[in-house]
Amino acid sequence: MKTGKLRIVNRPVSKVDAHALVTGKAVYTNDLAPSDCLIVKVLRSPHAHALIREINTARAEAVPGIECILTYKDCPDKRFTMAGQTYPEPSPYDRLILDQRVRFVGDAAAIIAGTSEEAVKKAMKLIKVKYEVLEPVLDFRTAKDNPILVHPEDNWKSLCPVGADNKRNLCAHEVSGSGDIDAVLDSCDYVIDRVYHTKANQQAMMETFRTYTYLDTYGRLNVVSSTQVPFHVRRILANALDIPKYKVRVVKPRIGGGFGAKQTSVSEVYPAIVTWKTGKPAKIIYTREESLIASSPRHEMEMHVRLGADKEGNIRGIDLYTLSNTGAFGEHGPTTVGLSGHKSIPLYGKAEAFRFTYDVVYTNVMSAGAYRGYGATQGIFAVESAVNELAQVLGMDPTVLREKNMVREGQVMPAYYGETAQSCALDRCLERAKEMIGWDEKYPCRDMGNGKVRGVGVAMAMQGSGISGVDTGSVAIKVNDDGFYSLMIGATDMGTGCDTILSQMAAECLDCDLEDIIVSGVDTDTSPYDCGSYASSTTYVTGMAVVKTCETLSRKICERGAEYLGCSPADVEFDGQKVTDLKTGESISRKEIGNRVMCSSNQPLSANEAFSSPTSPPPFMAGIAEVEIDKETGVVEMIDYAAVVDCGTVVNPNLARVQTEGGIAQGIGMALYEDIVYNSKGKNYSNSFMQYKIPSRLDVGNIRVEFESSYEPTGPFGAKSIGEIVINTPSPAISNAIQNAVGVIIRELPMTAEKIYRGMQR
């Protein structure tokens with residue numbers, strides 16, 4: 001890897017697709033779908049738990065324009081998972097395309113396809129379904145070992161030993177730890193024993209779920225979809241349809257946001273089975289209501305934290321039990337829950353002992369999935385809030401308590417799989433955030449003299465950089481005529497700018513201009529394999545694949561240049577523009593090499609490398625919130641948010657900054673506004689943006705972002721990830737600010753004005 005002064009990496013270059021975006025030329029899934037596509041819609045269950053006893057489609061099929069109506073009798077009886085994960089998936093195989101048993105309000109009961117939306121809507125109303133309504137399991141606290149089973153079927157299966165047992169409503173279970181946590185807590189001077197509750201949240205990406213499908217001239221199923229995981233979708237559809245994987249091709253156009261929602265294959269299977277059955281192109285476009293009631297939101301979790309410390313504030317032990325609600329299906333259930341402990345407990349590296357226990361349970365609500373932060377967000381809210389409560393009990397400044405206990409560079413993190421923090425600037429992040437907010441002048445609160453009080457609060461966070469020992473990124477680069485490069489990646493840019501980041505790395509390695517690199521999107525037929533864009537993996541994992549590939553290509557360019565110059569490869573040097581014979585001074589340009597490769601050549605001038613890491617170096621972050629509370633109403637207003645991130649070498653400061661700002665805004669939404677509400681029968685009331693409040697620019701206050709760079713020796717140019725960590729500090733920091741302002745501690749999100757007001761009345 002290139003060392004020394006960087007030319008393009010660590011520079012705020014514009015996104016490679018910036019011009020297309022600002023001129024409205026970006027092409028999305030629905031823009032590409034042909035006009036004669038069959039329109040596909042799903043008839044959804046009105047019951048949280050029921051068996052379909054009869055389903056009459058005769059009148060609906062008679063509607064002009066209706067091509068097909070599919071029920072559970074028309075679909076393969078083969079269980080699969082919609083979770084976009086590397087095989088073998090930790091998530092259980094618990095789904096059918098259509099099932100006789102429906103498991104939440106909004107579950108699929110039938111698929112309707114027709115030549116127009118009007119015909120499909122009319123037909124949908126004419127389908128008559130006779131349900132045997134069953135009692136649902138709606139409270140996840142009572143789900144484990146409940147006599148009512150969400151998945152009683154015998155062909156349910158779990159491919160990995162994650163502690164799952166469908167006959168106990170259990171999707172996953174594990175206990176891990178180090179040291180004698182009970183003995184340590186018993187000997188502590190202070191023990192915080194608290195329960196925290198985070199509700200489900202919607203990713204609320206701008207572009208809803210959407211897919212179109214068609215058969216090509218070879219009879220293969222072609223799938224164009226707004227997905228983060230094209231290669232995983234290929235496997236998911238092959239499993240669901242019970243067809244060979246070589247029969248499926250997946251193409252990803254531009255994505256209008258994902259935030260983890262599109263790591264689950266929510267929409268693809270419905271038009272896919274219509275096309276496979278009819279041979280005709282088909283598309284499905286989820287309405288916003290469907291995206292809110294039948295998708296893959298954040299897992300609801302309840303976390304019981306016991307935190308022990310001595311009189312000086314040294315944290316000696318952490319005991320965390322997480323109960324996670326996976327909903328009707330197990331997508332990402334066994335994996336998100338692990339981050340609630342493994343990405344929160346290691347923040348306090350001096351603890352003598354820890355224990356982390358979790359259960360993931362099935363219930364009859366919409367199934368959960370991946371959402372930015374992926375379980376770490378929930379766990380960090382709990383552990384960081386407990387640390388803030390400990391600071392109050394000790395009468396200690398919460399920033400001082402953290403300075404005393406935080407993980408530092410060079411420390412082994414037992415709760416983080418025994419990894420060593422080789423790059424960690426968390427101490428500098430916290431120090432700088434305090435300076436930005438004016439902590440020493442504002443802590444704990446200031447009375448504004450108008451019935452309002454302002455408080456400040458703090459939190460820290462860590463995440464990861466890909467899934468260690470699992471995630472794989474691959475890259476291919478070829479030299480074209482005139483010497484420009486084609487960079488082919490399997491990672492999916494969903495607005496994050498990874499096409500730009502990876503192009504910057506390639507241009508840096510190859511000593512060329514960014515304009516010399518042409519990056520292409522994902523097509524499972526032609527792109528090198530990549531797990532997809534999730535788990536904060538692209539910059540670190542795929543970035544290292546770029547570096548390896550460029551190093552291989554540079555060597556090949558030298559060899560080819562030496563061949564054309566008639567000298568030994570050991571005697572040449574490639575400076576990005578030309579290959580020079582160091583003995584004679586004779587050179588040949590990259591342009592000429594590219595053109596000569598196209599004539600009388602026995603080998604293409606290209607390279608393809610892959611990368612998978614045995615470790616997942618964590619980025620770190622400190623966030624400090626300032627809020628203003630109206631003491632008469634409990635209404636909270638965000639005033640200021642100071643964030644400092646350590647993501648190693650910042651590859652593109654502009655993109656890193658907007659990533660951080662966006663993540664903080666999402667975290668503020670989770671903390672103060674966003675709430676999925678069900679009634680007593682399992683109906684989701686949060687089915688539009690009128691009911692499900694996401695923050696606007698007016699709701700988030702002033703967000704300020706800075707970076708404290710460390711150098712990660714295993715990462716490309718010293719870089720780590722940034723995609724997920726940025727959402728993790730707002731909830732505990734805002735909770736602490738409310739605590740410091742009015743003395744009210746709220747342990748359940750969202751922290752509404754009603755909860756604050758009631759707390760002030762006690």
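Note that the structure is a prediction, hence the values are computed from the model and not measured.
- Pairs passing the salt bridge (Lys or Arg N to Asp or Glu O under 4.0 Å) check and including a residue from residues 370-385, sequence neighbours excluded, read E384-R402.
- Atom CZ of R141 sits in a crowded spot, with more than 12 heavy atoms from other residues, nucleotides or ligands closer than 6.0 Å.
- When atom types are taken as modelled, the side chain of K755 and the backbone of P750 share a donor-acceptor pair closer than 3.5 angstrom.
- Separating the CD1 atom in I727 from the CZ atom in F259 is a distance of 8.5 Å, to the nearest 0.5 Å.
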Inset, instruction - Show your working on side-chain hydrogen bond (donor to acceptor under 3.5 Å, both in side chains) between Y374 and S536 and close with a plain yes or no. - result: CA-CA 10 Å; Y374 203 81; S536 302; over 6 Å; no

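- Atom-to-atom distance recorded for Y673:OH and M751:CE is 10.5 Å, nearest 0.5 angstrom.
- The main-chain N or O of V458 is found under 3.5 Å from a side-chain atom of N736 such that the two form a donor-acceptor pair.
- The pair D640-R454 does not meet the salt-bridge criterion, since no charged nitrogen lies less than 4.0 angstrom from a carboxylate oxygen.
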Inset, instruction - Before giving the answer on side-chain contact (heavy atoms from CB on, under 4.5 Å), spell out for T377 and K343 the whole-Å C-alpha distance, their side-chain angles and the decisive distance to 0.1 Å. - result: CA-CA 9 Å; T377 316; K343 301 291 171 69; over 6 Å; no

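- Put simply, the side chain of H304 never gets that close to the backbone of Y321: no donor and acceptor are under 3.5 Å apart.
- The number of heavy-atom neighbours closer than 6.0 Å to OH of Y757, taken from other residues, nucleotides and ligands shown, is 12 or below.
- Side-chain atoms of Q263 never come within 3.5 Å of backbone atoms of G258 as a donor-acceptor pair (strictly under, hydrogens ignored).
- Heavy atoms only, all atoms of each residue included: P398 and Y443 are closest at CD-OH, 3.3 Å.
- Take K720 and apply the salt bridge (charged side-chain N to carboxylate O under 4.0 Å, His left out) test, not counting sequence neighbours, and it matches D646.
- Judged by distance alone, the side chains of T198 and E300 never bring a donor and an acceptor atom under 3.5 Å apart.
- A donor-acceptor pair under 3.5 Å links the side-chain atoms of S616 to the main chain of G466, judged by distance alone.
- Between the side chain of S721 and the backbone N or O of G464 there is at least one donor-acceptor pair closer than 3.5 Å.
- Within the model, atoms CG of L390 and CG of N405 stand 8.0 Å from one another, a figure rounded to the nearest 0.5 Å.
- In this structure, the side chains of I318 and Y348 come closer than 4.5 Å at one or more pairs of heavy atoms.
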Inset, instruction - Evaluate the criterion side-chain contact (heavy atoms from CB on, under 4.5 Å) for residue pair W439 and V456; output intermediate values, then yes/no. - result: CA-CA 7 Å; W439 178 270; V456 289; 3.6 Å; yes

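- Across every non-hydrogen atom of A625 and A737, the tightest pair is O-CB, 3.8 Å.
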Inset, instruction - Evaluate side-chain contact (heavy atoms from CB on, under 4.5 Å) for D139 paired with V137, printing each intermediate quantity in order. - result: CA-CA 6 Å; D139 183 355; V137 180; over 6 Å; no

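- From Q202, atom CD reaches atom CZ of R298 across 11.0 Å, with rounding to the nearest 0.5 Å.
- Residues satisfying the side chain to side chain contact (heavy atoms under 4.5 Å, CB included) criterion with T264, sequence neighbours excluded, are M82, V266, S296, E331, H332.
- Side chains of K434 and E403 form a contact here, defined as non-hydrogen atoms less than 4.5 Å apart.
- Closest approach of V541 and S465 over heavy atoms only: CG2-O, 4.2 Å.
- Among residues at least two apart or in separate chains, salt bridge (Lys or Arg N to Asp or Glu O under 4.0 Å) pairs with a member in residues 356-369 are K144-D359.
- In this structure, F356 has its ring center closer than 6.0 angstrom to the ring center of Y358.
- When atom types are taken as modelled, the side chain of H173 and the backbone of A164 share no donor-acceptor pair closer than 3.5 angstrom.
- Across every non-hydrogen atom of T729 and M621, the tightest pair is OG1-CE, 3.5 Å.
- Within the structure, salt bridge (Lys or Arg N to Asp or Glu O under 4.0 Å) contacts touching residues 405-418 (residues at least two apart or in different chains) are R408-D427.
- Two residues are said to be in side-chain contact when any heavy atoms from C-beta on lie closer than 4.5 Å; Y685 and N679 meet this criterion.
- M413 places a side-chain heavy atom less than 4.5 Å from the side chain of P618.
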Legend entry - Test side-chain hydrogen bond (donor to acceptor under 3.5 Å, both in side chains) applied to N728 and Q463, step by step: CA-CA 9 Å; N728 292 337; Q463 195 74 36; 2.6 Å; yes

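- Between V453 and E628 there is no side-chain heavy-atom pair separated by less than 4.5 Å.
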Legend entry - Derivation and outcome, side-chain hydrogen bond (donor to acceptor under 3.5 Å, both in side chains), residues S423 and E712: CA-CA 5 Å; S423 57; E712 173 52 47; 2.6 Å; yes

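- Counting non-hydrogen atoms of other residues, nucleotides and ligands closer than 6.0 Å to CD of E441 gives a total above 12.
- For the atom pair NZ (K452) and CG (D630), the distance works out to 5.5 Å, reported to the nearest 0.5 Å.
- The shortest heavy-atom contact between A643 and I664 is CB-CD1, 3.4 Å.
- With contacts defined as side-chain heavy-atom distances shorter than 4.5 Å, the pair R194/S385 does not qualify.
- Proximity of D319 to L185: side-chain heavy atoms (C-beta onward) are separated by under 4.5 Å at one or more points.
- Using modelled atom types, no side-chain atom of T649 and backbone atom of V651 make a donor-acceptor pair closer than 3.5 Å.
- The minimum heavy-atom distance between I181 and A353, with the atom names listed, is CD1-O, 3.6 Å.
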Inset, instruction - Show your working on side-chain hydrogen bond (donor to acceptor under 3.5 Å, both in side chains) between T420 and Q422 and close with a plain yes or no. - result: CA-CA 6 Å; T420 299; Q422 296 189 75; over 6 Å; no

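- Every pair passing salt bridge (Lys or Arg N to Asp or Glu O under 4.0 Å) that includes a residue from residues 615-627 is listed here, sequence neighbours excluded: K442-E626, R446-E626.
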Inset, instruction - Could you walk me through whether R355 and D182 pass salt bridge (charged side-chain N to carboxylate O under 4.0 Å, His left out), step by step? - result: CA-CA 9 Å; R355 179 169 58 206; D182 293 314; 3.0 Å; yes

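- In terms of modelled atom types and a separation under 3.5 Å, the side chain of S686 and the main chain of D675 share a donor-acceptor contact.
- In this structure, S344 contributes its side chain and S340 its backbone to a donor-acceptor pair below 3.5 Å.
- Put simply, CE on M436 and CZ on R704 are 5.0 Å apart, with the number rounded to the nearest 0.5 Å.
- Contact check for T539 versus I722: no side-chain heavy atoms found under the 4.5 Å cut-off.
- Just one of E302, E389, H197 meets the side-chain hydrogen bond (donor to acceptor under 3.5 Å, both in side chains) condition when paired with R747; it is E389.
- Between E706 and R432 there is a salt bridge, with a side-chain nitrogen of the basic residue lying less than 4.0 Å from a carboxylate oxygen of the acidic one.
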